[in-house]
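Values below: all heavy atoms of this structure, side chains included; hydrogens, waters and symmetry mates excluded. Order of appearance sets the numbers: ligands from 1, and atoms from 1 within every ligand.
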Amino acid sequence: MTLSAPPSRRPRVVIIGCGFGGLEAARALRSAPVDITLVDRTNHHLFQPLLYQVATAGLSAPAIAAPIRHLFRRQPNATTLLGEVTHIDVAARTVHLQDGPHLPYDHLIVAAGATHSYFGRDDWAPHAPGLKTLDDAFEIRRRILLAFEAAEKESDPARRADWLNFVVVGGGPTGVEMAGTLAEIARHTLPGEFRHIDPAAARIILLEGGARVLQAMPEALSERAREQLEKLGVEVRLNARVTAIDGDGLFVESPSSAIPSSASSYQIKSKCMVWAAGVAASALGRQLGAATGCTTDRAGRVLVAPDLTLPGHAEISVIGDLAAAHSHAPGQAPTPVPGVSPAAKQMGRAAAANILRRLAGQPTEPFRYRDYGNLATIGRNSAVVDLTSPAGPVRFSGYFAWLFWLFAHVYFLIGFRNRLVVLMDWAWAYWSFARYARVVTGIVEPGGRAAQPGAPHGGPFKAQARD
Ligand SMILES: Cc1cc2nc3c(=O)[nH]c(=O)nc-3n(C[C@H](O)[C@H](O)[C@H](O)COP(=O)(O)OP(=O)(O)OC[C@H]3O[C@@H](n4cnc5c(N)ncnc54)[C@H](O)[C@@H]3O)c2cc1C
């Protein structure tokens, strides 16, 4: 079934994905004489930079997610549809949904983002979930909270220690944030609440395959971040390559002499592991590549023309994490655009502006990325900031960097209510050390039976963490 054309003969713009790129593109077309259809497989726009806060029980889901339908209620030229895009028919210019109509388009913006990559070892995924969606965050939060509960009931000291080993794989911003916050929970939030275990005795291990954490940052800030993590009680292991993951823990290869045994390969037993190591573009990228002959890179991102369109298909723009795009500043060599939210937003605006130029019969313009810098938080009172300014880089770390990070993230949250909720929750958590988004629902089933699907190593509980 093809969705019938609206009575108007206005150009039809279909946008796939309402993340940072898609949202910004649709908003930039709010006054344009076009009919927009915005499709997403979730009903919400998600502020991914704060997802780790949901995974670590600091914020509830509605604080960082906004219903897409509500966001576009005052934009009459935009229709929102909930559905999974399975296929783009480039020849027929239609977008196919899994369980819905075919959407005809005159202009298509593909902003379907990225997902985790386990570097060909997808069998590791159930043991060490990644963090990309709200469901991922709920699952990670469930595992963290229930690991402490299981340890409290475990009488065997070795098995209790396994429950209290938390491992984060990947020392990028997400891995650093997860590890730092886990350490805070263990050292500051939970002590006093248990009778048989000391939560502060939990080990938080951060494994990074490279020589430093936060590799997109300058070396000195990476070093500050490592120091701040260690101050919080995180064991940071660099040059540590994961070679296997199963229900009992993971195997690591490391040339470092700082590991507990002198062997180059060793096992870390753990029941709670988080994967923050790899990113792969949405499958729609490779599908577009196959359909149009355009090139995709190793991560499945689509190599786009300077104006963000597909070579040979001026009617299709690919933006955000799905695009392997370059920034074209006048008089300079093109530079790769990083996979971060400001880049996705800028690409969304640029793709929308180029559609308007084409409609006006004007030539399109190449994309130019304006890089304002990089931030990462490590935990309470600690962050690193690397800002770009005309006078040169501005770099700082520690308390003021953390305040800067905090206000920047609150500022960029969608919706006034979300900003208020997050500020209030953080202010309270700052003074009390409490984390209240800790409700786990479901039946507690003792006896080590398999938990819900997705928890293959089995736990003593059958439960879900939900908001
Ligand atoms: C945990 C985490 C932390 C991060 N922290 C930071 C940070 O601190 N700073 C920063 O700048 N960046 C951060 N990023 C990166 C940033 O979130 C991304 O660069 C940005 O979201 C990319 O925007 P996008 O529009 O390309 O994709 P996304 O925002 O991922 O949006 C893609 C949208 O497409 C939808 N979709 C996907 N496939 C389909 C389909 N087949 N059919 C229908 N809909 C589909 C998805 O549901 C989603 O809504 C973080 C990312 C993660 C995962």
Side-chain angles (χ1 to χ4, degrees), residues 14-26 37-56 64-66 68 71 80-88 95-100 103 109-117 129-137 140 168 170 172-178 181 214 216 274-276 278-285 287-288 301-302 308 317-325 337-349 351 371-377 383-385 405 408-409 412-414:
V14 172
I15 302 176
I16 304 174
C18 189
F20 285 104
L23 177 77
E24 209 64 22
T37 304
L38 183 55
V39 195
D40 200 293
R41 62 181 171 199
T42 70
N43 78 337
H44 51 268
H45 168 80
L46 179 63
F47 192 79
Q48 289 171 4
L50 289 181
L51 200 50
Y52 82 98
Q53 284 280 344
V54 174
T56 55
I64 65 156
I68 297 170
L71 293 176
T80 55
L81 289 182
L82 175 66
E84 168 116 24
V85 173
T86 51
H87 178 69
I88 299 164
V95 166
H96 295 202
L97 304 191
Q98 192 173 40
D99 58 353
L103 307 172
I109 299 180
V110 190
T115 183
H116 332 287
S117 164
L131 185 60
K132 184 70 189 169
T133 64
L134 277 177
D135 282 328
D136 296 336
I140 290 171
V168 179
T174 302
V176 164
E177 286 163 355
M178 278 301 302
T181 314
L214 300 180
V274 177
W275 183 260
V279 173
S282 155
L284 289 179
Q287 205 226 88
L288 270 176
R301 297 178 311 157
V302 179
L308 303 176
S317 308
V318 181
I319 62 170
D321 283 2
L322 184 54
V337 178
V340 291
S341 53
K345 288 163 87 169
Q346 291 178 31
M347 283 193 240
R349 289 194 288 269
D371 185 357
Y372 299 107
N374 235 328
L375 325 175
T377 183
V384 285
V385 173
W405 173 91
H409 279 70
F412 285 113
L413 264 177
I414 303 292

Return the residue, atom name and 0.1 Å-rounded distance of the protein heavy atom closest to [atom].
atom                    : result
atom 27 (O) of ligand 1 : Gly113 CA, 3.4 Å
atom 35 (C) of ligand 1 : Asp40 OD2, 3.3 Å
atom 44 (N) of ligand 1 : Arg41 N, 3.1 Å
atom 18 (C) of ligand 1 : Asp321 OD2, 3.3 Å
atom 6 (C) of ligand 1  : Pro49 CG, 3.6 Å

Just which atoms of ligand 1 are under 4.0 Å from any heavy atom in [X]?
X      : answer
Ala111 : 32 (C), 33 (C), 34 (O)
Gly83  : 42 (N), 43 (C)
Ser341 : 10 (C), 11 (O), 12 (N), 16 (C), 19 (O)
Gly339 : 15 (C), 19 (O)
Glu84  : 41 (N), 42 (N)

Looking at [X] and [Y], would you say the former's side chain and the latter's main chain have a donor-acceptor pair under 3.5 Å?
X      : Y      : answer
Trp275 : Ser117 : yes
Asp40  : Cys18  : yes
Gln287 : Thr86  : yes

Pro173 touching ligand 1 at heavy-atom level, < 4.0 angstrom: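 No, that is not the case, since the closest heavy atom of the residue is not under 4.0 Å from the ligand.
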Gly348 near ligand 1 by a heavy-atom separation under 4.0 Å: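 For ligand 1, residue contact (heavy atoms, under 4.0 Å) with Gly348 is absent.
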Atom 14 (N) of ligand 1 within contact range, any protein heavy atom under 4.0 Å: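 No, because not a single protein heavy atom sits under 4.0 Å from atom 14 (N) of ligand 1.
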From the candidates His45, His409, Gln48, Lys345, the one that places a heavy atom nearest atom 28 (P) of ligand 1: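 Going through His45, His409, Gln48, Lys345 one by one, Gln48 has the nearest heavy atom to atom 28 (P) of ligand 1.
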Closest to atom 42 (N) of ligand 1 (judged by heavy-atom distance), picking from Val279, Leu131, Val85, Val340: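 Among Val279, Leu131, Val85, Val340, the closest heavy atom to atom 42 (N) of ligand 1 comes from Val85.
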